Protein chains: 2
Amino acid sequence: MPDSLRRFKADIFQALAHPTRIAIIELLEDGELSAGDLMEKLGMEQANISQHLAVLRSKQLVVNRKAGNQVFYSVRDPIINKVLALMRRYFQKHLKEALGLLDEMDGSTIPTDR
Amino acid sequence: MPDSLRRFKADIFQALAHPTRIAIIELLEDGELSAGDLMEKLGMEQANISQHLAVLRSKQLVVNRKAGNQVFYSVRDPIINKVLALMRRYFQKHLKEALGLLDEMDGSTIPTDR
DNA sequence: TTGGAATATTCGATCCTTCGCATATAGTAT
DNA sequence: ATACTATATGCGAAGGATCGAATATTCCAA
């Protein structure tokens, strides 16, 4: 496989390699949301959300639709949702080790994923 | 979902977010290989391969088995292979746009993935 | 046409990643 | 013990990612 193709895949993983961007994709799984919706649900700076959306857009993981003042985002291809679903399974399977890997153990109860 | 879990997933994507590490995982899909085998097949610096293997190990994506002088690596959980298989489907589906995204078009024929 | 709301972009500081080079460790054989 | 092979680790330079603050753009309403 040529290196350019490997780079393409790596870029997509790179786009997913941030907690906020994962949160965005997962929030969008149930349907489109505006940038403002995401900002509110995630409780982060407007500029920051917009920057993360720009990353996801640049790799074509999300598409956007303008409606007046607002911009609505959705996941472009359900394959990406499947990838995240697989990751959830992976996480559940390796929950113990996963917790061991986490830097901060905040003593909360075992979380159920999503 | 707590942020720590999002970070866990992001870390795994981060581990996959490099062309060389993707190549390693894909090479390991058919069975275990030694670090030397990988070095030879990928034609990269010994230290570099070892560093990438360290990343994959630290996120527990691969496991290793010592046999005398050598260290044999394999993918820990087939779910990771499934994730890469999905990515291959994704790539084929969006081949045209993908090529548009690639920086360097070297004029070669349309590649068949793997 | 001025104002306000929603979103995007630019900038600079800080941190993280990646690489090659050099060196360290571990196993094997002589 | 010595030497050799396989693999890992430490280091420093170069480039890339992330953030908040400030600013720009776009659209609508009065």
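In this text, all values refer to a predicted model and were calculated from it rather than measured experimentally. To find a chain, count down the sequence lines: A is the first, B the second, and so on, and within it residues start at 1.
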Length of the CG-P vector between B:L56 and C:dT18, whole Å: 10 Å
Which side-chain N or O atoms in residues 48-55 of chain B pair as donor and acceptor under 3.5 Å with protein atoms at least two apart or in another chain?
unit_1, atom_1, unit_2, atom_2, d
B:N48, OD1, B:H52, NE2, 3.1
B:H52, ND1, B:R21, NH1, 3.1

Once side chain to side chain donor-acceptor pair (under 3.5 Å) is applied, do any residues pair with B:E32, and if so which ones, sequence neighbours excluded? B:R65
Short N/O separations, protein against nucleotides 24-30 of chain C, under 3.5 angstrom:
none

Set of residues satisfying side-chain contact (heavy atoms from CB on, under 4.5 Å) with respect to A:N69, sequence neighbours excluded: none
Among residues at least two apart in sequence or on other chains, which ones pass side-chain contact (heavy atoms from CB on, under 4.5 Å) with B:L16? A:F13, B:I25, B:L61
Could you work out, with side-chain contact (heavy atoms from CB on, under 4.5 Å) as the rule, every residue matching B:D77, not counting sequence neighbours? A:Y90, A:K93, A:H94, B:I79
Annotated protein contacts, base or backbone, on nucleotides 9-17 of chain C with a non-hydrogen cut-off under 4.0 Å, one of B, S, - each: BBB------
Between A:A15 and A:K59, what is the shortest heavy-atom contact and its length? CB-CG, 3.8 Å
Output all residues satisfying side-chain contact (heavy atoms from CB on, under 4.5 Å) with A:V71, sequence neighbours left out; order by chain, then residue number. A:N64, A:K66, A:Y73
Test of understanding: with side chain to side chain donor-acceptor pair (under 3.5 Å), list the residues that count as partners of A:D37, not counting sequence neighbours. A:S34
Who pairs with A:T20 by side chain to side chain donor-acceptor pair (under 3.5 Å), at least two apart in sequence or on another chain? none
Base, sugar-phosphate, or nothing: which does A:Y73 touch, judged by heavy atoms less than 4.0 Å apart? sugar-phosphate
Can you name the residues that form a ring pair (Phe, Tyr, Trp, His ring centres under 6.0 Å) with B:F72, not counting sequence neighbours? none
Opening and closing nucleotides of DNA chain D in contact with chain A, under 4.0 Å to non-hydrogen atoms: D:dT18 to D:dC28
